[in-house]
Amino acid sequence: MLRSTARPLLNSTINARPSCREYHLIKHGSRPVRPGSLPNRVCSAGMATDCAGWHLLGTPREELRLEHTLPTGQSFRWRETGDDEYIGVIGQRVVQIRQLEDDVAWRIIGRAPQAAEAEDTAVLADYFNLSTPLADLVRTWSASCDHFARIQPYFQGARMLRQDPTETLFQFLCSSNNHISRIHGMVERLCSGWGTRLPLTRSDEYGGPAHHAFPTLDQLAAVSEADLRAAGFGYRARFVTGSVARLRALGGEAWLATLRAGPPDVAVAALCTLPGVGPKVAACAALFSLDAHALVPVDVHVLALATRHYLPALRGKALTPALHAQVQAAFVARFGAHAGWAHNTLFISELARYRGRVPGTTRAEEVLLARGSEVAEEVDAGPDACARVVGMDGSDASTGKGGRARRKRKGGAASVASSLVEEQMELAPTTPPQAAA
DNA sequence: AATGGACCTGGGTCA
DNA sequence: AGCAACAGGTCCATA
């Protein structure tokens with residue numbers, strides 16, 4: 001279990017507001033923490049008017065960064081409510097959570113009656129998988145993979161969550177052939193429509209929408225395919241009702257929970273018997289909720305980075321179950337028992353919204369693909385010329401689907417050129433961000 | 001065993 | 001301003 005260091009937070013982060021300078025004792029795990037050290041961000045105006053209820057998770061930045069963990073596609077239950085601040089639901093609790101300079105602060109702003117306050121800390125620690133030390137793993141992975149070592153400093157604290165199995169399964173049942181913003185809405189409608197509402201306990205600072213627990217299987221059993229279609233689920237409506245029925249026949253939530261104890265391949269095989277669940281969705285559910293830390297959900301992004309860095313022979317091949325297994329094996333061979341965690345950091349670095357954060361890697365490729373052969377000649381001129389071409393000063397705004405579409409059309413030539421640029425850029429020194437992002 | 005198409009919907013791109 | 005292609009896949013029907 002991670003433990004917070006005893007050192008006070010930086011003076012510059014201390015809030016000067018009188019209401020926050022009272023000596024509340026903020027419990028952190030079994031240890032009280034002097035709240036005089038509660039930083040500005042926690043007590044800032046506009047949200048909190050006092051320090052009551054806030055706790056520290058005890059996670060330095062290399063262990064947990066919210067921006068790399070909550071909105072990056074593991075869970076669709078969090079809403080960004082401010083700069084590095086989120087509100088979401090963990091089980092029966094509504095949680096407000098904020099990134100601090102070198103820790104994370106949280107408090108419960110709503111809960112079901114049966115959710116005991118005494119268990120709050122344990123629930124948070126479990127959800128954030130705090131028994132697994134990410135920083136140690138990162139050191140190991142960085143030693144065994146140059147590419148990982150290069151991109152990781154830009155994506156610190158990308159931690160795997162340990163979510164509820166039922167909730168995770170249905171979230172990712174919605175994810176097929178879909179995009180994140182829409183999945184978020186679908187999950188939200190599922191919860192608000194059929195989940196139990198969680199009463200707010202601190203309504204003084206919160207004026208947002210109501211929060212709901214994820215519906216239980218019994219609650220979901222009352223939902224028809226027509227209901228779901230009306231709620232915008234499209235063809236996935238049938239997957240949801242079908243999986244609900246089958247799960248209930250198998251033993252419901254309790255059956256799903258037993259998969260945590262068994263081997264990952266058994267869990268994946270079991271999940272794949274559910275309608276709408278294929279290798280990718282099963283791997284997501286298992287990695288994000290069933291303690292299957294070695295599993296790697298192979299989607300188009302992961303396949304792309306895998307062929308680029310580990311399995312060049314697979315370039316251009318279709319993402320079949322057999323290929324999925326090959327990529328999975330390659331990740332385990334390289335990253336070991338927590339390959340799924342390593343994959344998570346690599347995956348984030350491939351996302352469009354984060355592309356370009358690492359100088360000379362994914363951004364270079366993106367721009368190269370967008371410009372095609374025009375750039376290829378520059379590549380031959382060496383890293384310096386290449387850096388000019390790809391706009392290392394950030395002036396080039398070429399991102400998104402355009403590049404992807406062109407990649408498909410350009411086919412092999414662009415791919416070859418892209419790896420060439422990457423090779424060149426790997427030789428160029430990069431300057432990772434320092435302590436601050 | 002592998003490949004190709006269909007499938008709902010909507011936010012972001014491009015002409 | 002509209003539109004088409006696409007999105008963090010899965011299922012089913014074919015050779």
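Any value given below was found using the heavy atoms of this structure, including those in side chains, with hydrogens, waters and symmetry copies removed.
- No hydrogens or angles were tested; on distance alone, nothing pairs the side chain of A/Lys280 with the base of C/dG9 as donor and acceptor under 3.5 Å.
- One finds a salt bridge joining A/Asp84 and A/Arg65 here, because a Lys/Arg side-chain nitrogen approaches an Asp/Glu carboxylate oxygen to under 4.0 Å.
- On the C1' atoms, B/dG5 is 16 Å away from C/dA5, given to the nearest whole Å.
- For A/Ala112, the side-chain contact (heavy atoms from CB on, under 4.5 Å) partners are A/Gln92, A/Gln114, A/Leu198, not counting sequence neighbours.
- In this structure, the side chain to side chain donor-acceptor pair (under 3.5 Å) partners of A/Trp78, at least two apart in sequence or on a different chain, are A/Tyr127.
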Please output the side-chain donor-acceptor pairs of residues 256-273 of chain A that fall under 3.5 Å, not counting sequence neighbours, one pair per line with the distance.
from	atom 1	to	atom 2	distance (Å)
A/Thr258	OG1	A/Trp255	O	2.4
A/Arg260	NE	A/Ser289	O	2.8
A/Arg260	NH2	A/Gln163	O	3.1
A/Arg260	NH2	A/Ser289	O	3.0
A/Thr273	OG1	A/Arg246	NE	3.3
A/Thr273	OG1	A/Arg246	NH2	3.3
A/Thr273	OG1	A/Ala270	O	2.6

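- A/Arg229 pairs by the salt bridge (charged side-chain N to carboxylate O under 4.0 Å, His left out) definition with A/Glu225, not counting sequence neighbours.
- In this structure, A/Phe172 places its CZ atom 8 Å from C1' of C/dG8, rounding to the nearest Å.
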Dot-bracket, 5' to 3', for DNA chain B please: Watson-Crick or G-U pairs under 3.5 Å, [ ] where pairs cross earlier ones, | where the partner sits on another strand, dots elsewhere. .||||||.||...|.
Please enumerate all protein N or O atoms sitting under 3.5 Å from an N or O of nucleotides 4-7 of chain B, with distances to 0.1 Å.
none

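- Among the heavy atoms of the strands lying under 4.0 Å from A/Leu274 are primed sugar atoms or P, OP1, OP2 only; no base atom is included.
- We find that NE2 of A/His324 is positioned 18 Å from C1' of B/dT3, with the value rounded to whole Å.
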Listed pairs under 3.5 Å, donor-acceptor, residues 337-347 of chain A side chains, sequence neighbours left out:
from	atom 1	to	atom 2	distance (Å)
A/Trp341	NE1	A/His293	ND1	3.0
A/His343	ND1	A/Gly340	O	2.9

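- Here the nucleotide nearest the side chain of A/His179, chosen from B/dG10, C/dG9, B/dT3, is B/dG10.
- Take A/Ser181 and apply the side chain to side chain donor-acceptor pair (under 3.5 Å) test, not counting sequence neighbours, and it matches no residue.
- For the side chain to side chain donor-acceptor pair (under 3.5 Å) test, no residue two or more places apart in sequence or in another chain qualifies with A/Arg353.
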